[in-house]
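Take a look at the structure set out below.
Values in this document were obtained by computation on a predicted structure and should not be read as measured data. Letters go in sequence order (proteins before strands), and every chain restarts at 1.
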There are 2 protein chains.
Amino acid sequence: MTNIDLNVNKARIFCEKKGARFTTLREKVYALLLQQDGAIGAYELLDSLKLTESAAKPATVYRTLDFLLEFGLVHKLESTNAFVACHHFDCNHPVQFLICDSCGEVQEIQSLGLKDTLDKQAMSVGFKVAKQTIEAHGTCAACK
Amino acid sequence: MTNIDLNVNKARIFCEKKGARFTTLREKVYALLLQQDGAIGAYELLDSLKLTESAAKPATVYRTLDFLLEFGLVHKLESTNAFVACHHFDCNHPVQFLICDSCGEVQEIQSLGLKDTLDKQAMSVGFKVAKQTIEAHGTCAACK
DNA sequence: GGATAAGTGTTATTATTTATCAGTCAACTC
DNA sequence: GAGTTGACTGATAAATAATAACACTTATCC
């Protein structure tokens, strides 16, 4: 059983637990994202999806992504309008991204300290944070 | 002299110092952004611009924004695809945004600590940060 | 004053995302 | 297990966001 299959299974169980339906379409899209190195745009994803779901349209992809985003199975990179699978959706964690501009690799980090720092900075000017977007572009270890 | 005029003047001097041309078009766009409360989308900005520059087209706006972004007179909010004027382009600073989902106000903060925290977190996994995107959505002090 | 580069006008196209309505399927009720 | 309900998907269209390419104009520099 491949690593991807393992993650897909974990996702299925996770969804069942939440009372959400992990349909064939959603599973396929999630699997496509998992087998991607870095992040992938919605239309590139659509092209991949079409190989097995020839009827797929933009709305198909965006709706599926909405579901996956809602349950934390996928993250959206705001700085590149791209989507990336999350491997540890089951542990509740803050999320930040390191995006290599050279090879495209996307590394997810979970720094509670970073999250807290932003929360506190905001709090100090009376701002209550609901959602954070933290993304760094640069060069990954392999590309240096 | 209004506050906006003051900022525009400051921007003109800043550009001259850098050997960059603060043309009428660029000045107009920057002024429009200054007189905005929060951030504004490129096409909304285009509509405003058209009031005095009826020939303006999307490319007009995007090109002008590119210039303003390059010199730090304007920032782009990646999470909303919107643009916001920067009032202190002359002091070199890291930048983070607090975006109120209730009233739309955008507050710019400059936390060196936050920047360093992210840089260090990245460094610890061998990643060299070139550019950061840090944006928080939530509720501002006035809206609470 | 002419060469050069930067800036702008103009047209077209691509990329990204959402809206809407109709049809289908799963789950739940009686 | 037939019917109802709501969730999911198909299909078409449109809105929003961003870029490409080429022509023309203007500023700058020698």
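Here the closest heavy-atom approach between residue A:L33 and residue A:F83 is recorded as CD2-O, 3.6 Å.
Applying the 4.0 Å criterion to OP1 and OP2 of C:dT8, one finds that B:R26 has a side-chain N or O inside that range. In this model, the phosphate group of C:dT8 is approached by a side-chain N or O of B:T23 to a distance below 4.0 Å at OP1 or OP2. A sub-4.0 Å separation between OP1 or OP2 of C:dT17 and a side-chain N or O of A:K57 is absent. Dashed line: the shortest gap from a side-chain N or O of A:N81 to OP1 or OP2 of D:dA17 is not under 4.0 Å. OP1 or OP2 of D:dA18 has at least one side-chain nitrogen or oxygen of B:Y62 nearer than 4.0 Å.
Rounded to whole Å, the distance from CG on B:L25 to P on C:dA6 is 17 Å. In this structure, B:E27 atom CD and C:dG7 atom C1' are separated by 16 Å, rounded to whole Å. Summarising the geometry, the separation between CG on A:L46 and P on C:dT18 is reported as 15 Å, rounded to the nearest angstrom. Taking atom NZ on A:K28 and atom C1' on D:dC8, their separation rounds to 15 Å, with Å as the unit. Between the P atom of D:dT19 and the CG atom of B:D66 lies a distance of 7 Å, rounded to the nearest Å. The CD atom of B:E16 sits 15 Å away from the C1' atom of D:dT28 (whole-angstrom rounding). One can place NZ of B:K50 at 13 Å from P of C:dG9, the figure rounded to the nearest angstrom. For A:I40 and C:dT16, the CD1 to P distance is 11 Å, given to the nearest whole Å.
Contact annotation for A:T60: backbone-only contact, meaning every heavy-atom pair under 4.0 Å involves sugar-phosphate atoms and none involves a base. B:A56 comes within 4.0 angstrom of no nucleic acid atom, judged by non-hydrogen atoms across all strands.
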TODO: Mind running ring pair (Phe, Tyr, Trp, His ring centres under 6.0 Å) on B:F14 and B:F71 for me, showing each step along the way?
DONE: CA-CA 9 Å; B:F14 177 76; B:F71 286 90; 7.1 Å; no
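Under a cut-off of 6.0 angstrom, the local environment of NZ in B:K144 is crowded, with over 12 non-hydrogen atoms contributed by other residues, nucleotides or ligands. A:K28 NZ: more than 12 foreign heavy atoms inside a 6.0 Å radius.
Looking at A:Y43, its side chain comes within 3.5 Å of the base of C:dT17 through a donor and an acceptor atom.
Each of A:E44 and A:A59 lies near DNA chain C, and the nucleotide nearest A:E44 is the one positioned closer to the 5' end. Between A:R63 and A:A42, the residue anchored closer to the 5' end of DNA chain C is A:A42, taking for each the nucleotide with the nearest heavy atom.
Using a cutoff of 4.0 Å between basic side-chain nitrogens and carboxylate oxygens, A:D119 and A:K115 are scored as salt-bridged.
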